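Take a look at the structure below.
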Amino acid sequence: RVYLHFLNWMRDSLRMPEQELIEHAGLDSAIYLRIFLVGLKIFTPLMLLGFFVLIPVNLTDQNLDALNPSKFVFSDIDKLSISNVTEGSNRYWAHVLMIYVFTAWICTVLYKEYETVVTMRLRFHSAQHRRADHFTILVRNIPEDPDEPVNFHVEHFFRVNHRDYYLTHEIVYNATKLAKLIKKKEELQNWMDFYEIKYSRNTSERPVRKK
């Protein structure tokens, strides 16, 4: 019974007013639901167009029926596809037209949705109290200075060139290699503890581990 109701949160969220959802779960949750809805806006009309336009165009042709069954293997479901349209037939214009219709519809929906999301984001941030993270920037590819560490180099640069806007900074390092060394150190430490315990139980035999 639990598995039958695990999507109830989505139904309740869709029924909740958007502003109330933002206040309750944040802006990201509201945008996540809009992504779900924009998928329905895009694919539902396209599905109906394909079902009522393209499928009858393909199904009413007879290209597959004219093929030699001993050389070509196909099923009835293949008659719903473009492979059932005879080569050089004017029915291909229906597919060409639908390409433009599909593209225009997708671009229109995405444009309007992007405009709505941008407006929501600006309205959300304008209603919030100003915080330092609203004015944070990311600086990459900082050149090395042989005379001073990167930390002092960054601080000196911003205090000289942007003294009226600079507050503080945080250096972020790529710690991938360090994380690997720490993991290796922990593994070796575990082996060392294991062999120390083993040796304490039998001091006559010295444990040896080959790598």
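For clarity, every value in this text was computed on a predicted model and none was experimentally measured. One-based numbering along the sequence shown. Any value given below was found using the heavy atoms of this structure, including those in side chains, with hydrogens, waters and symmetry copies removed.
- For Ser83, the side chain to side chain donor-acceptor pair (under 3.5 Å) test picks out Ser81, with sequence neighbours left out.
- For Ala30 against Glu18, the heavy-atom pair with the smallest separation is CB-CG, 4.4 Å.
- Separating the NZ atom in Lys183 from the CG atom in Leu188 is a distance of 12.5 Å, to the nearest 0.5 Å.
- Counted within 6.0 Å of CD on Glu187, heavy atoms from surrounding residues, nucleotides or ligands total more than 12; the atom is thus considered enclosed.
- In this structure a side-chain-to-backbone donor-acceptor pair under 3.5 Å is present from Thr119 to Glu115.
- Atom CD1 of Ile77 sits in a sparse spot, with 12 or fewer heavy atoms from other residues, nucleotides or ligands closer than 6.0 Å.
- For Gln189, the side chain to side chain donor-acceptor pair (under 3.5 Å) partners at least two apart in sequence or on another chain are Asp193.
- For the pair Ile82/Leu54, no side-chain contact is recorded, criterion being any heavy-atom separation below 4.5 Å from C-beta on.
- Shown here is Phe152, whose CZ atom has no more than 12 heavy atoms of other residues, nucleotides or ligands within 6.0 Å.
- Minimum heavy-atom separation, Asp61 to Asn84: O-ND2, 2.9 Å.
- For residues 11-62, there are no ring pair (Phe, Tyr, Trp, His ring centres under 6.0 Å) pairs, not counting sequence neighbours.
- Residues Arg34 and Met120 have side chains in contact (heavy-atom distance under 4.5 Å, counting atoms from C-beta outward).
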*Starting from the C-alpha separation in whole Å, work towards a yes-or-no answer on side-chain contact (heavy atoms from CB on, under 4.5 Å) for Ile142 and His153.*
CA-CA 9 Å; Ile142 301 172; His153 182 46; 4.0 Å; yes
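- Two residues are said to be in side-chain contact when any heavy atoms from C-beta on lie closer than 4.5 Å; Lys198 and Asn202 fail this criterion.
- Once rounded to the nearest 0.5 Å, the distance linking CG of Leu49 with CD1 of Ile55 reads 11.5 Å.
- Remark: Thr86 OG1 to Tyr92 OH distance equals 7.5 Å, nearest 0.5 Å.
- Side chain of Asn161 to main chain of Phe157: a donor-acceptor pair is present (N/O by atom type, distance under 3.5 Å, no hydrogens or angles).
- Under a cut-off of 6.0 angstrom, the local environment of CD in Glu148 is crowded, with over 12 non-hydrogen atoms contributed by other residues, nucleotides or ligands.
- Side chain of Tyr166 to main chain of Val160: no donor-acceptor pair is present (N/O by atom type, distance under 3.5 Å, no hydrogens or angles).
- For the pair Lys41 and Trp105, the tightest heavy-atom approach, listed with the atom from each and the gap, is O-NE1, 3.1 Å.
- By the ring-ring contact (aromatic ring centres under 6.0 Å, His included) test, His162 is found to be paired with Phe158, residues two or more places apart in sequence or in another chain being considered.
- If you chain together hydrophobic residues whose side chains sit under 4.5 Å apart, Leu27 and Leu33 never meet in one group.
- A donor and an acceptor atom, one from each side chain of Asp145 and His156, are nowhere located under 3.5 Å apart.
- Here the side chain of Arg91 pairs a donor or acceptor atom with the backbone of Val57 at under 3.5 angstrom.
- The two residues Ser200 and Ile197 have their closest heavy-atom pair at OG-O, 2.6 Å.
- Between the NZ atom of Lys79 and the OG1 atom of Thr60 there is a distance of 12.0 Å, given to the nearest 0.5 Å.
- Linking ILVMFWY side-chain heavy atoms closer than 4.5 Å, directly or via other members, places Ile22 and Val117 in a single hydrophobic cluster.
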What donor-acceptor contacts under 3.5 angstrom involve side-chain atoms of residues 175-182, with partners at least two apart or in another chain?
from	atom 1	to	atom 2	distance (Å)
Thr176	OG1	Asn174	OD1	2.7

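- Atoms CD and CH2, on Glu186 and Trp191 in that order, are 15.5 Å from each other to the nearest 0.5 Å.
- When all heavy atoms of Val154 and Ile171 are compared, the pair lying nearest together is CG2-CD1, 4.0 Å.
- From His169, atom NE2 reaches atom CZ of Arg159 across 9.0 Å, with rounding to the nearest 0.5 Å.
- Val85 is not connected to Val53 by any chain of hydrophobic side-chain contacts under 4.5 Å among Ile, Leu, Val, Met, Phe, Trp and Tyr, and they are in different clusters.
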Considering only distance and modelled atom types, tabulate donor-acceptor pairs under 3.5 Å from the side chains of residues 94-103, sequence neighbours left out.
from	atom 1	to	atom 2	distance (Å)
His95	NE2	Asn58	OD1	2.8
Thr103	OG1	Ile99	O	2.8

